[in-house]
Amino acid sequence: MEIAIRPDTEAACSLVAAIIAKAVRAKPDLVLGLATGRTMERLYARLAEMHRDEGLDFSRCRTFNLDEYIGLPVEHPGSYRYYMNQNLFNHINIDPANTFLPDGMAADIKAGCAAYEDKIAGCGGIDLQLLGIGADGHIGFNEPLSALRSRTRDKTLAEPTVKVNSTLFDNPDDMPRRAITMGVGTILDARSAVLLATGKSKAGIIAQAVEGPVTSMVTASALQFHPRCRVILDEDAATELRHQDYYRWVFEQDPDWAEYRAAAQG
Ligand code: F6R
């Protein structure tokens, strides 16, 4: 795991956008794993700006989202398909036919989950998986006790998740209690992963995920097994990390971060 602590949310989002842009430029038909949620909104706005102002080209990319609610039609403003169209896809030159989310309206959910795994494999696997982290440590919707080798499947959402996410619905009771999510194992199969977390409310769970034991009670902790996982934080989300000085030292020294350090300094 590599940790980058940036001065504020804007700088953290810019760093993640720069990582994604570099990957897209290096491999124009990149297979990109995407996340939804409040944290990603500024990042997606930044990617849309990079498309508009710098010609960042998504025309050959394929995308797979981590999760989708069960039972919400895609045109429902609470659905993740709707979120992705509004926040990213409508603002870049991606081919909508190359954007995939789990089908929360499938008549046969289990078959749909297996088909999603097959589709990812058929595209050659995910090159770069973007992740957020939930208050209970979930990645995707892998709630506490999700098997660390799990694959795409349906899950019941934990109460804290329902509490936080239902505020995004006009009518909080509309929020489904179940969702389809890539599994922890599916996520760990990605060739690289980038987790973005911002704000004080994430500080405690980030410390558990990064410095605590690997446990299915905090599924983000499984990222400690990933050979190429970067965790990008703003100062607020980093406040409870015990070894901040070490992470800052590595960020300043490591050649892998050199181009991003230079970009940050303008
Ligand atoms: C959503 C997802 C979730 C979110 C997490 C954080 O696709 O995968 O794991 O990343 O719930 O959400 P926010 O950013 O709203 O705090």
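When a ligand or atom number is given, it counts from 1 through the structure's own listing order.
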Query raised in the report: What are the atoms of ligand 1, with element, lying closer than 4.0 Å to any heavy atom of Lys202?
Result: 6 (C), 13 (P), 16 (O)
Query - Modelled atom types, side-chain donor and acceptor of Arg38 and Thr198, under 3.5 Å - result: no
Query - Worked verdict on Asn142 versus Arg153 for side-chain hydrogen bond (donor to acceptor under 3.5 Å, both in side chains) - result: CA-CA 10 Å; Asn142 291 288; Arg153 68 216 185 288; 2.9 Å; yes
Requested in this report: Report, in ascending order of atom number, the atoms of ligand 1 lying under 4.0 Å from any heavy atom of Leu66.
Outcome: 8 (O)
Query raised in the report: Hey, are Lys155 and Glu143 close enough for a salt bridge, meaning a charged N less than 4.0 Å from a carboxylate O?
Result: no
Query raised in the report: At a 4.0 Å threshold, what atoms of ligand 1 neighbour a non-hydrogen atom of Gly132?
Result: 10 (O)
Report task. Determine, using ring centers only, whether Tyr116 and Phe64 are less than 6.0 Å apart. Result -> yes
Report summary line: atom 9 (O) of ligand 1 has as its nearest protein heavy atom Gly140 O, 2.7 Å
**Report entry** Whether Tyr83 and Tyr44 hold their rings parallel, tilted or perpendicular, with breakpoints at 30° and 60°
**Finding:** perpendicular
Report task. May I ask you to check whether Arg38 has an N/O atom sitting below 3.5 Å from an N/O atom of ligand 1? Result -> yes
Query raised in the report: Taking Asp236 as the fixed residue, which of Lys200, Lys202, Arg6 is the one that meets the salt bridge (charged side-chain N to carboxylate O under 4.0 Å, His left out) rule?
Result: Lys200
Query raised in the report: Counting each atom of ligand 1 from 1 as listed, which ones have a heavy atom of Gly37 under 4.0 Å away?
Result: 14 (O), 15 (O)
Query raised in the report: Which atoms from ligand 1 have a heavy atom of Asp67 less than 4.0 Å away?
Result: 1 (C), 2 (C), 7 (O), 8 (O)
Query raised in the report: Considering only protein heavy atoms, which is closest to atom 11 (O) of ligand 1, and at what distance to one decimal place?
Result: His138 NE2, 2.7 Å
Query raised in the report: Among Leu195, Ile133, Thr39, which one has a heavy atom closest to atom 6 (C) of ligand 1?
Result: Ile133
Requested in this report: Please determine if Arg25 and Asp57 form a salt bridge, counting it only when a charged side-chain N lies under 4.0 Å from a carboxylate O.
Outcome: no
Report task. Using a strict 4.0 Å cut-off to heavy atoms of Thr36, name the atoms of ligand 1 that fall inside it. Result -> 1 (C), 4 (C), 7 (O), 10 (O)
